[in-house]
Novice: 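Before I ask anything, here is the structure I am working with.
Quick note on labels: first sequence line is chain A, next is B, and so on, each numbered from 1. No experiment lies behind these values; they were computed from the predicted model shown.
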Amino acid sequence: MKIATWNVNSLAVRLPHLLDWLATAAPDVVCLQETKLEDARFPLREIRDAGYPHVLASGQKTYNGVALLARTPITDAVAGIPAFSDDQKRLVGATVGGVRVVGCYVPNGQAVGSEAFAYKLRWLEALRIWLARELARNPRLVVVGDFNVAPEPRDVHDPVLWEGHILFSPAEREAFSRLLGIGLQDAFRLFDQPDQTFSWWDYRMNAFRRNRGLRIDHILVSQALAPGVRACGIERSLRALERPSDHAPVVAEIDAHAQ
DNA sequence: ATGGCTTGAGTGTCAAGA
């Protein structure tokens, strides 16, 4: 199973890029973030025609919005973290081919110490508690998305500059680490990777051309799935297109039946 | 420290992203 996550920063704007990429990369399951579309405006027909008839969308106007696209049927769909009251559309989950897939768009947090930052930490804690129960119910769990956290110094182009700032503060890294603590592994780090590999680059200051980025989009796999992960990488080329998203997709190839 | 881009809203210019 090839699973991918991509923060498209407006599905309305990025639909041509998405359709081109689905045709070439051909993932089995795709989680999208920042669709910025109400469900009534979701481009279901185009996505279906691209080979993804099974769609779970949870969107809203202007901000946030997530979706899960699959080639094969999905069951046990959820939208939002159960038992966590939240007006913002940030999570979808479903079972596909015996694998529990969760796609999330973790709050950005704006600035360390702000109300938005407190919401981000609350959100991550609620996610952790719920995922621990999901994992108990289905050991074959993969959690993907835009986590808005760079886990380690090597995930930041200039860790000294970013230390303590939003996306790379101790509290956020600790929250991410606690998430892994329930029994998840960062699929990207199961392999040797080139130095300075990132998933997000600011639109400003020629950040992409200078490779001044962060790795904040992740694919996390449970212990049951980890031995079956065959590859994981970031599709940097999409960030180089005309009118790109500021994020590049992350893709993992998982043999869900490996022992 | 600020602004530097991009998007959606809506037609002014601002909020939010990260």
Novice: Mark up nucleotides 12-17 of chain B, 5' to 3', with B wherever a protein heavy atom is under 4.0 angstrom from a base atom, S wherever such an atom reaches only the sugar-phosphate, and - elsewhere.
Specialist: ----SB
Novice: What nucleotide among dG4(B), dA9(B), dG8(B) has an atom nearest to a side-chain atom of Ala12(A)?
Specialist: dG8(B)
Novice: Following the transitive rule for hydrophobic clusters with a side-chain heavy-atom cut-off under 4.5 Å over Ile, Leu, Val, Met, Phe, Trp and Tyr, establish whether Phe191(A) and Val221(A) coincide in one cluster.
Specialist: yes
Novice: What is the distance from CD of Glu242(A) to P of dC5(B), rounded to the nearest Å?
Specialist: 16 Å
Novice: Check the distance between dT6(B)'s C1' and Trp201(A)'s CH2 and give it to me in whole angstrom.
Specialist: 16 Å
Novice: Considering non-hydrogen atoms only, spot the tightest contact between Gly228(A) and Ala258(A) and give its length.
Specialist: CA-CB, 3.6 Å
Novice: Expressed as a whole number of Å, how far does the P atom of dT6(B) sit from that of dT2(B)?
Specialist: 22 Å
Novice: Quick one: side-chain contact (heavy atoms from CB on, under 4.5 Å) partners of Ala132(A), sequence neighbours excluded?
Specialist: Ile182(A)
Novice: Please check: side-chain N/O of Glu172(A) versus main-chain N/O of Leu167(A), any donor-acceptor pairing under 3.5 Å?
Specialist: yes
Novice: Quote, to the nearest angstrom, the P distance that separates dA15(B) from dG4(B).
Specialist: 15 Å
Novice: Which whole-number value in Å describes the distance from Gln60(A) CD to dA9(B) P?
Specialist: 11 Å
Novice: Should Ser10(A) be listed as having a side-chain N or O under 4.0 Å from OP1 or OP2 of dT6(B)?
Specialist: no
Novice: For the residue pair Thr5(A) and Gln33(A), confirm or rule out a side-chain donor-acceptor distance under 3.5 Å.
Specialist: yes
Novice: Do you know which two heavy atoms are closest between Leu15(A) and Pro43(A), and how far apart they sit?
Specialist: CD2-CB, 3.8 Å
Novice: Want to settle it: does Leu214(A) or Arg14(A) sit nearer the 5' end of DNA chain B, counting the closest nucleotide to each?
Specialist: Arg14(A)
Novice: Can you measure Arg243(A) atom CZ to dT6(B) atom P for me and round it to whole angstrom units?
Specialist: 9 Å
Novice: May I ask you to list the residues sharing a hydrophobic cluster with Trp201(A), side-chain cutoff 4.5 Å, ordered by chain and number?
Specialist: Phe198(A), Phe208(A)
Novice: If we take the C1' atom in both dA16(B) and dG3(B), what is their distance in whole Å?
Specialist: 15 Å
Novice: Of the nucleotides dA9(B), dG3(B), dT7(B), which one has an atom closest to the side chain of Met205(A)?
Specialist: dG3(B)
Novice: May I have the distance from Leu11(A) (atom CG) to dT6(B) (atom C1'), rounded to whole angstrom?
Specialist: 16 Å
Novice: When you match Pro244(A) and Ile166(A) each to their closest nucleotide on DNA chain B, which lands nearer the 5' end?
Specialist: Pro244(A)
